[in-house]
Amino acid sequence: MNYVLDFTPVIDGLPDLLAGCLGTFLLALGGMLLAIIIGIGGVVLRDSRFPACRWAVKAFVELIRNTPFLVQIFFIYFALPLAGLRLDPTPTAIIALGINGGAYAIEIIRGGVQSISKGQIEAGLALGLHRALVFRLIVLKPALRAVFPSLASQFVMLTLTTSVASAISAYELTSVAQRIESETFRSFEVFGTITLMYLVISWMMMAFFSLISARYFSYPVK
Amino acid sequence: MTRHDTAMSGTAAEAMIVMAEVEKWYGSFQALSGINLSVRRGEKIVLCGPSGSGKSTLIRCINHLEAYQKGEIRVGGTLLGDDGRTIDAVRREVGMVFQHFNLFPHMSVLRNCMLAPMRALGIGRKEAEATARDLLARVKIIEQADKYPAQLSGGQQQRVAIARALCMRPSVMLFDEPTSALDPEMVKEVLDTMVALAEEGMTMICVTHEMGFARQVADRVIFMAEGSIVEEAPPDIFFTQPRHARTRKFLGEILRSH
Ligand SMILES: Nc1ncnc2c1ncn2[C@@H]1O[C@H](COP(=O)(O)OP(=O)(O)OP(=O)(O)O)[C@@H](O)[C@H]1O
Ligand SMILES: [Mg+2]
């Protein structure tokens with residue numbers, strides 16, 4: 001046990017690692033944006049009056065939540081090109097993260113929607129608003145507020161899951177670290193450093209979510 | 001349902017709401033049977049009856065929060081069917097106030113009142129705001145316009161709910177037990193608002209057990225039991241000479257508990 005720490009490769013690679021952090025943020029933000037769109041859209045379809053829509057969303061959620069993310073991302077990256085759809089690693093990663101996060105978001109947001117009292121919906125309808133408007137203007141915001149903590153922790157998970165995208169060499173922190181490590185064999189220093197970097201990234205995400213919460217969900221409730 | 005009875009439109013013209021032989025089922029349970037009710041423009045109806053007698057169901061059929069299966073409901077001449085067009089037309093004419101206020105918690109009082117005029121009627125922001133402020137002033141709560149519902153008392157919330165419904169310029173107002181979720185000291189402010197509205201000539205159907213209110217403003221009191229209208233009469237007659245045993249029993253219970 002005479003391993004001598006040597007942070008020179010980390011210090012030399014710092015610009016690359018920071019660029020990797022940016023890549024991670026890009027994947028996370030892109031994935032979250034897609035996930036929230038899929039989440040909200042999925043909830044609408046999940047409770048639509050067309051059985052086919054409801055069934056399709058159920059099947060989608062089952063499939064995504066019960067299969068490994070790594071397999072999902074491989075499928076999009078390696079299998080879809082056989083069907084003529086070839087995407088670069090970064091868009092692939094964003095789509096995979098969005099689809100995966102979206103499946104979880106559907107279940108979370110649906111819980112929020114179901115927590116809204118029927119009276120709110122009836123008040124909207126009685127005022128002459130159509131169902132779609134009632135959902136968008138009356139139900140959605142309180143529903144998101146109700147589940148925001150769960151949604152935020154799901155999205156922190158999504159942020160950390162971006163590291164799986166290194167498996168298809170998307171540009172993000174873990175793949176940068178792997179490259180530096182394979183060139184310098186400084187595993188402890190390199191992975192120790194990015195561990196801390198991920199911790200900071202998670203904290204920054206949480207701070208971001210607190211800001212959103214304070215900005216959009218701070219209306220008083222009983 | 002058909003539109004064959006144009007011959008009736010002479011009488012229907014002065015009737016704001018006509019319910020003819022309306023039947024309503026929840027699954028196999030019949031909640032309304034053989035409801036016939038005609039409400040003239042400007043008339044005030046108080047609807048009472050024991051719990052589960054179908055009072056809420058009846059008024060909720062009028063703005064199609066509940067579908068009905070048989071008979072006809074006309075509001076201002078529009079035959080209320082199951083299609084979106086007639087439902088829209090009717091909901092534009094009919095305002096509703098709920099037991100639990102149902103204000104939108106994420107909007108200020110002012111926004112609560114502006115939402116539907118802007119989004120359902122397409123009225124511009126300025127006009128919607130002017131109307132909202134005007135009506136909030138009329139229910140004496142204009143100073144709370146920028147607060148959120150959770151910051152108001154129950155009585156204040158209910159007055160906002162009344163103003164919000166009035167912002168759609170309805171020709172009929174439905175009230176479903178508007179004071180029964182309120183602390184006793186707040187009942188009066190809401191009833192006063194409703195009395196003022198009645199005095200302005202609004203057509204009103206109120207489900208309430210506030211018999212003082214019924215005596216003061218109702219043109220007719222209607223008593224329901226088990227999904228049917230049992231008896232209806234002007235309040236002086238209704239309270240002093242109820243014809244049916246069920247009505248007498250009900251009045252006895254209600255007056256004892258108040
Ligand atoms: N959505 C529903 N599904 C099934 N049955 C219902 C439904 N809504 C009401 N009912 C039944 O219909 C009957 C009439 O209900 P309604 O709410 O109209 O009564 P109500 O006179 O308003 O009573 P309350 O004074 O308790 O408000 C009751 O027996 C009730 O259980
Ligand atoms: Mg009721």
Side-chain angles (χ1 to χ4, degrees), chain A residues 36 39-40 43-44 47-51 53 108-152 209-222, chain B residues 56 59-60 62-66 84-85 87-109 111-123 147-154 157 160-161 164-170 172-176 181:
Chain A
I36 198 89
I40 292 170
V43 167
V44 171
D47 296 318
S48 91
R49 62 200 128 143
F50 304 110
C53 292
I108 294 172
I109 295 171
R110 185 153 180 264
V113 167
Q114 286 173 339
S115 77
I116 303 304
S117 79
K118 261 186 82 193
Q120 290 285 308
I121 297 163
E122 289 174 350
L125 294 175
L127 283 166
L129 297 166
H130 290 173
R131 274 168 51 96
L133 272 181
V134 168
F135 179 81
R136 194 152 67 78
L137 301 173
I138 295 169
V139 174
L140 189 56
K141 192 168 178 178
L144 288 176
R145 175 189 167 124
V147 296
F148 197 71
S150 316
L151 209 53
F209 293 134
S210 307
L211 275 179
I212 292 192
S213 175
R215 171 75 181 77
Y216 291 104
F217 300 118
S218 65
Y219 59 87
V221 290
K222 278 273 154 65
Chain B
S56 299
I59 64 168
R60 289 160 59 86
I62 295 173
N63 65 352
H64 207 275
L65 286 184
E66 302 288 354
R85 200 180 49 78
I87 294 174
D88 280 352
V90 164
R91 285 182 181 161
R92 224 164 279 156
E93 291 298 312
V94 179
M96 186 173 232
V97 174
F98 300 85
Q99 182 175 2
H100 295 289
F101 332 133
N102 296 340
L103 295 182
F104 309 131
H106 55 301
M107 296 175 204
S108 70
V109 161
R111 292 233 131 243
N112 261 276
C113 294
M114 293 165 61
L115 183 74
M118 289 174 66
R119 297 307 193 117
L121 301 181
I123 287 171
K147 289 211 175 145
Y148 282 84
Q151 296 169 314
L152 305 184
S153 74
Q157 287 190 59
V160 172
R164 179 177 73 176
L166 292 175
C167 282
M168 291 291 285
R169 303 286 185 210
V172 182
M173 285 284 285
L174 308 173
F175 293 83
D176 195 354

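Naming: A, B, ... by sequence-line order, numbering from 1 per chain.
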Colleague: Let me know if B:Leu174 has heavy atoms under 4.5 Å from chain A in its side chain, its backbone, both or neither.
Modeller: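 Neither part, no heavy atoms under 4.5 Å.
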
Colleague: Does B:Gln151 reach the main-chain N or O of A:Val221 with its side chain, forming a donor-acceptor pair under 3.5 Å?
Modeller: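 Not a single qualifying donor-acceptor pair exists.
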
Colleague: So what's closer than 4.5 Å to chain B heavy atoms on A:Arg136: side chain, backbone, both or neither?
Modeller: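 The side chain, not the backbone.
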
Colleague: May I ask you to name which of B:Leu115, B:Val90, B:Val94, B:Val97 has the most heavy-atom pairs under 4.5 Å with chain A?
Modeller: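 Among the listed options, the one with the most contacts to chain A is B:Leu115.
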
Colleague: For A:Leu129 and B:Ala116, which heavy atoms make the closest approach, and how far apart are they?
Modeller: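 The answer is CD2-CA, 4.2 Å.
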
Colleague: Test your reading of the model: is there a side-chain donor-acceptor pair from B:His106 to the backbone of A:Leu137, 3.5 Å cut-off?
Modeller: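 Judged by distance alone, yes, a pair lies under 3.5 Å.
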
Colleague: Give me the atom names and distance for the closest heavy-atom approach of B:Phe98 to A:Ala126.
Modeller: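 Looks like CZ-CB, 4.1 Å.
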
Colleague: Please name the pair of heavy atoms, one in B:Pro105 and one in A:Tyr219, separated by the smallest distance, quoted to 0.1 Å.
Modeller: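 Residues B:Pro105 and A:Tyr219, closest heavy atoms: O-CD1, 3.3 Å.
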
Colleague: State, to 0.1 Å, how close B:Ala150 and A:Lys222 come at their nearest heavy-atom pair, and which atoms those are.
Modeller: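 Looks like O-CE, 3.2 Å.
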
Colleague: In terms of heavy-atom proximity below 4.5 Å to chain B, should A:Leu125 be classed as side chain, backbone, both, or neither?
Modeller: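 Both backbone and side chain.
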
Colleague: Counting only heavy atoms closer than 4.5 Å, note whether B:Arg60 contacts chain A via side chain, backbone, both or neither.
Modeller: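 Contact with chain A involves the side chain of B:Arg60 alone.
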
Colleague: What's the spacing between B:Leu65 CG and A:Ile121 CD1 if we round to 0.5 Å?
Modeller: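 If I round to the nearest 0.5 Å, the distance is 11.0 Å.
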
Colleague: Please flag which part of B:Ile62 lies under 4.5 Å from any non-hydrogen atom of chain A: side chain, backbone, both or neither.
Modeller: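 Neither part, no heavy atoms under 4.5 Å.
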
Colleague: Could you check whether atom CZ of B:Arg119 has more than 12 heavy atoms from other residues, nucleotides or ligands sitting under 6.0 Å from it?
Modeller: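 Result for CZ/B:Arg119: open.
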
Colleague: Against chain A, work out which of B:Asn63, B:Leu121, B:Asp88 has the most heavy-atom pairs shorter than 4.5 Å and name it.
Modeller: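 Between B:Asn63, B:Leu121, B:Asp88, the count favours B:Asp88.
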
Colleague: I need the A:His130 NE2 to B:Ile87 CD1 distance, nearest 0.5 Å.
Modeller: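 If we round to the nearest 0.5 Å, A:His130:NE2 and B:Ile87:CD1 are 9.0 Å apart.
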
Colleague: Are any non-hydrogen side-chain atoms of A:Glu122 and B:Met96 less than 4.5 angstrom apart?
Modeller: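 Not touching, per the 4.5 Å side-chain cut-off.
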
